[in-house]
Engineer: 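Can you read through this structure? Questions will come right after.
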Amino acid sequence: MEMEKVYNSKEIEKKWRKYWIENKTFSAKSDKNRKPFAMVIPPANVTGSLHMGHALNATLQDIIIRFKKLQGYNTLWVPGTDHGGIATQNVVEKLLMKEGKTKYDLGREKFLEKMWQWRAETGDTILDQLKKLGCGLDWDRLAFTMDESRSKAVKKAFIRLFDKGLIYRGKKLVNWCFRCGTALSDIEVEYENESSNLWYIKYPLRDSDGYIVIATTRPETMFGDTAVAVNLDDERYAELIGKTVKLPLVNREIKIISDYAIDKSFGTGAVKITPAHDAVDNEIAKRNDIETIEIINTDGKMMNVPPKYCGLSVEEARKEVVKNLEAAGFLVKTENYDHSVGKCYRCSGKIESLMSEQWFLRVREMSKEAVDATNAGRMSFHPQSWKKPYVLWLENLKDWCISRQIWWGHRIPVYYCVDGKGNRTDCKPVASFDKPSECSCCKSKNFIQDEDVLDTWFSSALWPISVFNWGEDENNGDLKYFYPESVLATGHEIIYLWVARMVQFGLEFMKDIPYGDVFIHGIVRDKRGKKMSKSLGNVVDPCDIMDKYGTDALRFALAQTAAPGRDMQISEESFLAARNFVNKIWNASRFIIMNSEDVAGLDENIQSAEFVDEWILAELARTALKIKASYESYDIDSAAREIYDFFWTKYCDWYIELSKIRVMSADLNVKKQTLSILIYVLKAALQLMSPIMPFIAEEIWRILNRNEKNIRIISESPFTEIKDVNSDSIEKMKVLQDIIVKIRTLRSEMDISPAMWIEALFNILDSDKEKIAMENESYIKQLAKISSIRFGKNITRPKNSALAVAGGFEIFLPLEGLINIEKERARLAKGIALAKREIDRTSLKLRDENFIKRAAESEIEKIKLRFREANLKIERINESLKFLG
RNA sequence: GGGCAGUUAGCUCAGCUGGAAGAGCAUUUCCCUUACAAGGAAGAGGUCGCAGGUUCAAGUCCUGCACUGCCCACCA
């Protein structure tokens, strides 16, 4: 078995990627005799290619699914993509723009053709990249939010909600993006701070010479003002409430009203009320029965205003208005002022509040049910700190604006009856899968469909049920078997946008939550803590990392930094370190495989011959327990750290090094026995790491089992049970390690060449421990480069020797001709100083009555022991100083 | 304005139910020892954000403060 010195990730990955997919390793069918464990992937937009955030999200899910598979669950992870409504349409519109065209030039049908064509060309990019990552997805179940089955689900859901009266059409104040030309829901607006001005404007009273000064950041909307509001308790304005003012520039008369929402301390305490273009004003207007005047149209141009402003953009109008107010003497003053401005989450264009006729979903009942389900513990967040904001959000939820004025998406399945001339009749619109054949009201056979499409998130919200073809058959076996799913893994940025809605829809349509656990992971940031974005140019492409360092390295690095719920910073170095770990695994395996090459009949039933064997088995048992618990609780980072520490620090640095003597032994039985244990531990470690690093684990597993008749790949080999070895080997090992490390330190400090073998004298101080060193003499010799050891009681320090106190011994290294007396003296002095500090610390505690009275017995014993050992050390060092050269 | 995280070695982060400060990277010295120089051995490096409190004992629990980041909110 030839193994290269350096792990070749590329070829090996290619092989296993292909194998898993061709052999359908991760395909799943419903099976009543097995426990299901299902996840759906958060569908990525077809616009995108894999970025580090996707890579993290996918890696974590893959780790979970692979772990659960090894635990014996019937696991299923469903892949899919999202049509991505506005985002995707924007991309294609930009492409068109390069040709100098707009979507209107093509018309709806042609434009949609273009969209589908584009999605056919690029929509699978991200899927290929998920394959590259090694994701254990069931590719037979690949879904797309706009494919047939998913579309049926969307229509079905819409019709049900519509018929139930939960979906309604109405003219309300909505968030409007001029750039995208559509309404948006409340959460699709992002707020950014912008520096602007606060203008103070006089509104003259009609019936006297007085005036009231209002402060505003939106002077241009004054044409839409229908009142001025003050707080009822504001003494300054008490007499003015109910009076009439004349709107500057136009002289329209409006009333001064009072409302509790007005903050006396802001500005002048008097506010212009523009119900058509401000959410708060809109509420105030409703409460006070104030009329609404719309002055900004959906193109962002002024309307219903004096002719000179008509058709101006909002920005232009603002300049003009301010100029004219000033000229006419209405402008009192202008202050600099920072405030937050709504921006479109898809194009960053300015969002305007305006009145618009849209479809809305009544959410009160649904959100209440979602809250109840969460509070009842039917669904839990990991980390749980997300529960509170999630519940809070649901509790304050307003009706969801679900219609979008774009073309790419699920067209709203509402049909309007039209007369012979194509004009809409008064008949009630109907929601149905297909165009109705006849109007139930007027028997007309002509219908037109609503022009709008649904919010992308409407179809996303159905994802956990639509992937199981709920739209086609809600009683199908897969849906019954796999729903509710086990866990959803996602970043915190879409908890409201997506998670909350899936829960609502799940409860509405399936009468059950979509999954029991929500695993929230952090957002990947660059090494300076900045969010990765194309515009900042700090994007690290996961595919580049996979090519450069290997996929396992990428996965390990991501896993290692994925503390639940926290954002993570990641840099090139972490991938390098992970790559080194992968290589370490490779080489340790290589050592074992090379040595077991011509050893026949390696035993599956291992027998530990020495305590070091028991030690590694005990460490393995401990580690396995911890790692499994970590996977179980989504503490992927600690699972990664545990496997790293166990494999490198315990298995490689100590156990393999210790085992070398026996592996090289001429005694075939000794060799065989030792290799059996090495292999046993290696296999167990491979299983434990395989969820994180599946490629290398699979490869080495295959090599180790190359002589088996019916080889099962690691992904399909359930965890072998690891017996907990109950022994004191871990404590004993500490003693052995102490001796070896102290000797090495001594050698290093004395500048003794690592190539030189020297002898050692072991003076027994603690007869309890002497056996450990004596029984493991060969290990001490091997690892500390000692040619011979003489054990004894009352050995005095030879002249020209160095001293170490470790493991119940005084260890002398006679260094005739090699020792640097001054250095040794200094070293011993340092040792005394350290021991003295220890004595100070411990004796202080032991003299403390309160400590003796209240501390635990075991704690006091520990301190006493430390005190004794420090004293002994000083005594020994002083003694030995006498003998120094 | 409210809420949630974070603040530990130069950098990135671990430290569970309170009992002598940990890892990786970087750094210093030595070593190409037949698994691995993508490696090995040994070092150096920390008043655990600040101030109080509880406790025999606090990085760990409590209170307040500061700074950083994120989320929410009707910043006219």
Side-chain angles (χ1 to χ4, degrees), chain A residues 3 5-7 187 191 193 198 214-218 221 229 261-263 266-274 278-284 337-340 383 385-386 388-389 392-393 396 492-493 495-496 522-523 525 527 529 531 549 553 560-561 563 565-574 576-595 626 637-638 641 644-645 648-649 652-653 656-657 660 664 740-741 744-749 751-755 783-785 838 841-842 845 848-856 858-860 862-863 866:
Chain A
M3 283 175 80
K5 212 167 167 180
V6 170
Y7 174 64
I187 16 170
Y191 291 89
N193 252 20
L198 192 58
I214 56 95
T216 183
T217 55
R218 305 282 317 263
T221 63
I262 307 300
D263 178 359
F266 188 93
T268 60
V271 186
K272 65 195 264 315
I273 301 299
T274 321
D278 184 281
V280 188
D281 291 4
N282 196 269
E283 292 297 315
I284 293 174
Y337 185 66
D338 289 354
H339 66 142
S340 65
S385 55
W386 281 106
K388 200 170 147 186
L392 214 65
W393 186 82
N396 294 303
H492 53 70
E493 72 273 20
I495 291 178
Y496 308 135
I523 291 173
R525 294 169 186 280
K527 62 177 166 190
K531 197 168 168 175
Y549 300 106
Q560 201 187 18
T561 43
R566 283 191 46 198
D567 290 354
M568 59 199 75
Q569 297 184 27
I570 203 148
S571 62
E572 194 95 2
E573 290 90 68
S574 51
L576 194 99
R579 194 268 320 255
N580 293 351
F581 180 44
V582 173
N583 195 235
K584 186 76 180 178
I585 296 166
W586 179 255
N587 274 293
S589 310
R590 181 166 160 255
F591 168 76
I592 291 161
I593 290 161
M594 271 167 50
N595 280 291
K626 274 198 228 164
D637 60 322
S638 57
R641 262 194 302 276
Y644 185 98
D645 180 60
W648 201 318
T649 314
C652 291
D653 287 352
I656 291 184
E657 291 307 321
K660 277 180 179 171
M664 311 292 181
I740 292 168
V741 169
R744 282 169 171 173
T745 306
L746 196 54
R747 292 178 57 117
S748 170
E749 285 179 348
D751 294 329
I752 298 163
S753 160
L783 268 58
K785 293 253 177 179
E838 176 76 351
R841 257 202 304 237
T842 48
K845 277 203 157 180
D848 186 344
E849 279 179 42
N850 279 324
F851 176 73
I852 299 298
K853 209 155 54 184
R854 296 175 200 239
S858 61
E859 187 56 26
I860 298 172
K862 249 165 125 183
I863 302 287
R866 279 167 55 191

Engineer: Nearest 0.5 Å, please: how far is CG in A:Asp278 from NZ in A:Lys272?
Structural biologist: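 Those atoms lie 8.0 Å apart.
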
Engineer: In this structure, how many angstroms lie between the C1' atom of B:rA76 and the OH atom of A:Tyr191, rounded?
Structural biologist: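 Rounded to whole Å, this separation is 14 Å.
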
Engineer: Check this for me: does the side-chain of A:Lys660 come within 3.5 Å of the base of B:rA35 through a donor and an acceptor?
Structural biologist: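 Per atom types, the contact qualifies.
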
Engineer: Any N or O donor-acceptor pair linking the side chain of A:Lys853 to the base of B:rC56 at under 3.5 Å?
Structural biologist: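 Looking at the base of B:rC56, it does not pair with any donor or acceptor on the side chain of A:Lys853 (distance under 3.5 Å).
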
Engineer: Between B:rA38, B:rA35, B:rA20, which nucleotide has the shortest distance from any of its atoms to the side chain of A:Phe591?
Structural biologist: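 The listed nucleotide nearest to A:Phe591's side chain is B:rA35.
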
Engineer: When you compare B:rG59 with B:rC50, how far apart are their C1' atoms, in angstrom units rounded to a whole number?
Structural biologist: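 Between the two C1' atoms, the distance is 14 Å.
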
Engineer: Considering every strand and a 4.0 Å limit on heavy-atom distances, what is the contact class for A:Val741: base, sugar-phosphate, or nothing?
Structural biologist: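 Sugar-phosphate only.
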
Engineer: Which of these nucleotides, B:rC74, B:rC36, B:rC56, is closest to any side-chain atom of A:Asp848?
Structural biologist: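 When the side chain of A:Asp848 is considered, B:rC56 is the closest of B:rC74, B:rC36, B:rC56.
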
Engineer: I'd like to know if the side chain of A:Arg866 reaches the main chain of A:Glu838, judged simply by a donor and an acceptor atom lying under 3.5 Å from each other, with no hydrogens or angles considered.
Structural biologist: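 Side chain of A:Arg866 to backbone of A:Glu838, a donor-acceptor pair under 3.5 Å: no, none is there.
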
Engineer: Counting the atoms with a prime plus P, OP1 and OP2 as sugar-phosphate, which does A:Arg641 contact under 4.0 Å by heavy atoms, base, sugar-phosphate, or nothing?
Structural biologist: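 Result for A:Arg641 = sugar-phosphate.
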
Engineer: Determine, step by step, whether A:Ser574 and A:Gln560 satisfy the side-chain contact (heavy atoms from CB on, under 4.5 Å) criterion, reporting the C-alpha distance in whole Å, the side-chain angles of both residues, the deciding distance to 0.1 Å, and the verdict.
Structural biologist: CA-CA 9 Å; A:Ser574 51; A:Gln560 201 187 18; 5.5 Å; no

Engineer: Angle class for the A:Tyr7/A:Trp586 ring planes (parallel below 30°, perpendicular above 60°, tilted otherwise)?
Structural biologist: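 Rings of A:Tyr7 and A:Trp586: tilted, 30 to 60°.
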
Engineer: Which of the following nucleotides, B:rG24, B:rA35, B:rA38, is nearest to the side chain of A:Ala577?
Structural biologist: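 In terms of side-chain proximity for A:Ala577, the closest of B:rG24, B:rA35, B:rA38 is B:rG24.
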
Engineer: Whether A:Asn580 contacts B:rG39 is assessed here as follows: a side-chain N or O lying under 4.0 Å from the phosphate OP1 or OP2. Is that the case?
Structural biologist: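 Answer is yes, contact under 4.0 Å.
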
Engineer: Please report the distance, rounded to the nearest Å, between CG in A:Asp645 and P in B:rG24.
Structural biologist: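 It works out to 9 Å between those atoms.
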
Engineer: Counting distance alone, no hydrogens or angles: does the base of B:rA20 have a donor or acceptor under 3.5 Å from a partner atom on the side chain of A:Arg866?
Structural biologist: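 Between B:rA20 and A:Arg866, which were checked side chain against base, a qualifying N/O pair under 3.5 Å is present.
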
Engineer: For A:Glu859, report the nucleic acid contact type (base, sugar-phosphate, nothing); a contact means any heavy atom under 4.0 Å.
Structural biologist: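 It contacts base atoms.
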
Engineer: May I ask you to decide if the ring planes of A:Phe581 and A:Tyr644 are parallel, tilted or perpendicular, using 30° and 60° as cut-offs?
Structural biologist: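 Ring orientation, 0 to 90° scale: tilted.
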
Engineer: Base, sugar-phosphate, or nothing for A:Tyr496, non-hydrogen atoms under 4.0 angstrom?
Structural biologist: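 It contacts sugar-phosphate atoms only.
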
Engineer: Picking from A:Val582, A:Asn583, A:Asn580, A:Leu576, what satisfies side chain to side chain contact (heavy atoms under 4.5 Å, CB included) with A:Tyr549?
Structural biologist: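 Option passing the side chain to side chain contact (heavy atoms under 4.5 Å, CB included) with A:Tyr549: A:Leu576.
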
Engineer: Taking atom P in both B:rA44 and B:rG3, compute the distance separating them and give it to the nearest angstrom.
Structural biologist: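 Approximately 46 Å lies between the P atom of B:rA44 and that of B:rG3.
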
Engineer: Is there a side-chain contact between A:Ser589 and the phosphate of B:rA35, meaning an N or O under 4.0 Å from OP1 or OP2?
Structural biologist: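 No, because none of the side-chain N or O atoms of A:Ser589 sits under 4.0 Å from OP1 or OP2 of B:rA35.
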
Engineer: Take the protein atom CE of A:Met3 and the nucleotide atom C1' of B:rU34, then report the distance between them rounded to whole Å.
Structural biologist: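 The distance from CE of A:Met3 to C1' of B:rU34 comes to 16 Å, rounded to the nearest Å.
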
Engineer: Considering only atom P, compute the distance from B:rA51 to B:rC70 and round it to an integer number of Å.
Structural biologist: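 That atom pair is separated by 28 Å.
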
Engineer: Heavy-atom nearest nucleotide on RNA chain B for A:Tyr644 versus A:Trp648: which residue maps closer to 5'?
Structural biologist: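 Result: A:Tyr644.
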
Engineer: With rounding to the closest Å, how many angstrom separate the P atoms on B:rC16 and B:rG6?
Structural biologist: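 Here B:rC16 and B:rG6 have their P atoms 12 Å from each other.
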
Engineer: Check every strand shown and say whether A:Ala755 touches a base, only sugar-phosphate, or nothing at a heavy-atom separation below 4.0 Å.
Structural biologist: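 The answer is nothing, as A:Ala755 stays clear of every strand by at least 4.0 Å.
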
Engineer: Counting only N and O atoms by type, is there a donor-acceptor contact under 3.5 Å from the side chain of A:Ser589 to the main-chain atoms of A:Ile585?
Structural biologist: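 Confirmed, A:Ser589 side chain pairs with A:Ile585 backbone.
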
Engineer: Considering only B:rC56, B:rC13, B:rA35, which nucleotide approaches the side chain of A:Lys584 most closely?
Structural biologist: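 Nearest to the side chain of A:Lys584 among the choices is B:rA35.
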
Engineer: Apply side-chain contact (heavy atoms from CB on, under 4.5 Å) to residues A:Thr274 and A:Arg218 and explain how you reach the verdict.
Structural biologist: CA-CA 10 Å; A:Thr274 321; A:Arg218 305 282 317 263; over 6 Å; no

Engineer: Report the secondary structure of RNA chain B in dot-bracket form, marking unpaired bases with a dot and bases paired to a different strand with |, and treating Watson-Crick or G-U pairs with both distances under 3.5 Å as paired.
Structural biologist: (((((((..((((.....[..)))).(((((.......))))).....(((((..]....))))))))))))....

Engineer: Using the C1' atoms only, state how far B:rU12 lies from B:rC65, rounded to an integer number of Å.
Structural biologist: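 About 28 Å, rounded to a whole number of Å.
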
Engineer: Under 3.5 Å, is there a donor-acceptor pair between the side chain of A:Arg744 and the main chain of A:Lys785?
Structural biologist: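 Not at all, since once roles are kept as given, no pair shorter than 3.5 Å links the two residues.
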
Engineer: Does the side chain of A:Arg854 get closer than 4.0 angstrom to OP1 or OP2 of B:rC56 through an N or O atom?
Structural biologist: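 Checking A:Arg854 against B:rC56: at least one side-chain N or O falls below 4.0 Å of OP1 or OP2.
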
Engineer: Taking atom P of B:rA5 as reference, at what distance in whole Å does atom NE2 of A:His492 sit?
Structural biologist: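 Atom NE2 in A:His492 sits about 13 Å away from atom P in B:rA5.
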
Engineer: Touch check for A:Pro754, heavy atoms < 4.0 angstrom, all strands: base, sugar-phosphate only, or nothing?
Structural biologist: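 Here A:Pro754 touches the backbone only, sparing every base.
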
Engineer: Nearest whole angstrom, please: distance from the P of B:rA38 to the OH of A:Tyr549.
Structural biologist: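 Computing the A:Tyr549:OH to B:rA38:P distance gives 13 Å.
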
Engineer: The test is side-chain contact (heavy atoms from CB on, under 4.5 Å); show your working for A:Arg641 and A:Asp645 and say whether it passes.
Structural biologist: CA-CA 6 Å; A:Arg641 262 194 302 276; A:Asp645 180 60; over 6 Å; no

Engineer: For atom C1', what is the distance between B:rU17 and B:rC13, given to the nearest Å?
Structural biologist: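 Comparing C1' positions in B:rU17 and B:rC13 gives a spacing of 23 Å.
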
Engineer: Is a donor-acceptor pair below 3.5 Å formed from side chain A:Arg744 to base B:rA41, judging by atom type as modelled?
Structural biologist: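 For A:Arg744, whose side chain was compared with the base of B:rA41, there is no donor-acceptor pair (under 3.5 Å).
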
Engineer: side-chain contact (heavy atoms from CB on, under 4.5 Å) for A:Thr217 and A:Leu198? Distances and angles first, verdict last.
Structural biologist: CA-CA 5 Å; A:Thr217 55; A:Leu198 192 58; 3.8 Å; yes

Engineer: Any side-chain N or O of A:Lys5 under 4.0 Å from OP1/OP2 of B:rA37?
Structural biologist: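 Yes, within the criterion.
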
Engineer: Taking CG from A:Asn193 and P from B:rC70, how many angstroms apart are they, rounded to a whole number?
Structural biologist: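 Answer to the nearest Å: 12 Å.
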
Engineer: With a 3.5 Å cut-off and heavy atoms only, can you find an N or O donor on one side and an acceptor on the other between the side chain of A:Glu657 and the base of B:rA35?
Structural biologist: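 Yes, the side chain and the base share a sub-3.5 Å donor-acceptor pair.
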
Engineer: Taking only the P atom of each, what is the distance from B:rG24 to B:rA41 in whole angstrom?
Structural biologist: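 To the nearest whole Å, 11 Å.
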
Engineer: Do the side chain of A:Ser340 and the base of B:rC75 come within less than 3.5 angstrom through a donor-acceptor pair of N or O atoms?
Structural biologist: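 Indeed, a donor on one side and an acceptor on the other fall under 3.5 Å apart.
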
Engineer: Just checking A:Glu838: base, sugar-phosphate only, or nothing, at a heavy-atom cut-off of under 4.0 Å?
Structural biologist: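 Result for A:Glu838 = base.
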
Engineer: Have a look at A:Ala279 and say if it touches a base, only the backbone sugar-phosphate, or nothing, with a 4.0 Å heavy-atom cut-off.
Structural biologist: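 If one applies the 4.0 Å heavy-atom cut-off, A:Ala279 turns out to touch nothing in the nucleic acid.
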
Engineer: For A:Lys388 and B:rC71, what is the distance between atoms NZ and C1' respectively, to the nearest whole Å?
Structural biologist: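 The distance from NZ of A:Lys388 to C1' of B:rC71 comes to 12 Å, rounded to the nearest Å.
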
Engineer: For A:Met594 and A:His339, find the nucleotide of RNA chain B closest to each by heavy atoms; which residue's nucleotide sits nearer the 5' end?
Structural biologist: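 Checking each residue's closest nucleotide, the 5'-ward one belongs to A:Met594.
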
Engineer: Rounded to the Å, how far apart are A:Asp653 CG and B:rC31 P?
Structural biologist: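 Rounding to the nearest Å, CG of A:Asp653 and P of B:rC31 are 20 Å apart.
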
Engineer: For A:Leu198, answer base if it contacts any base atom (sugar-phosphate contacts may also be present), sugar-phosphate if it contacts only those atoms, and nothing otherwise; contact means non-hydrogen atoms under 4.0 Å.
Structural biologist: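 Nothing: the residue A:Leu198, judged by heavy atoms under 4.0 Å, touches no strand.
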
Engineer: When the P atoms of B:rU33 and B:rG15 are compared, how many Å lie between them, rounded to an integer?
Structural biologist: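 Rounded to whole Å, the distance is 39 Å.
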
